[in-house]
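These notes concern the structure reproduced below.
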Amino acid sequence: PENMVSVAGSTSEDDCVYAPCFAGNYMTDSGCQQCGNNTFSAAGAFSCTSCPEDMASAVGSTSEEDCVFAPCLAGSYMTDNGCQQCGENTFSAAGASSCSDCPIKNMVSAAGSSSE
């Protein structure tokens, strides 16, 4: 049958098994299935592994290295350890890598502001 293999000298279809799945996929009763969002697998896997907390990956990811921090919400910025809230007198848009200073220095914004 399609996508199945057997060892030399096999005598029946019962000797056939599905070929190992490629990385980014996992074995099911009906063959290989692609890992979903926020999961990954190595070649030959029987299940997908979830990305660490607060991290995300694309469909079909092949290793934990494919897991990245999800973009930060407005009012926060990305650091090496994940999202950090902007401080007073600063703001950021969604997905920012830093916060910007408020343009009017005598105007005080609350921590985590998302606009000027």
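Every side chain to side chain contact (heavy atoms under 4.5 Å, CB included) that C99 has, sequence neighbours left out, goes to Y77, C86, T90, S92. Remark: N37 pairs with V59 by the side chain to side chain contact (heavy atoms under 4.5 Å, CB included) rule, at least two apart or across chains.
Between the OG atom of S98 and the CE atom of M78 there is a distance of 12.5 Å, given to the nearest 0.5 Å. Residue C83 holds its SG atom at 6.5 Å from CG of L73, rounded to the nearest 0.5 Å. With rounding to the nearest 0.5 Å, the separation of CG in N81 from CG in D54 is 11.5 Å. Separation of atoms CD (E64) and OG1 (T39) is listed at 12.0 Å; rounding is to 0.5 Å.
Using a 4.5 Å heavy-atom cutoff, the side chains of S76 and Q84 are not in contact.
Of the candidates C32, S47, P20, M27 forms a side-chain contact (heavy atoms from CB on, under 4.5 Å) with just one, namely C32.
Side-chain N or O atoms of S61 include none that pairs as donor or acceptor with a backbone N or O of F40 at under 3.5 Å. With hydrogens and angles disregarded, a donor-acceptor distance shorter than 3.5 Å links the side chain of S63 to the backbone of E65.
The shortest heavy-atom contact between D66 and S57 is O-CB, 3.6 Å.
Within the structure, side chain to side chain donor-acceptor pair (under 3.5 Å) contacts touching residues 24-35 (residues at least two apart or in different chains) are T28-S30.
Around atom CZ of F69, more than 12 heavy atoms belonging to other residues, nucleotides or ligands sit under 6.0 Å away.
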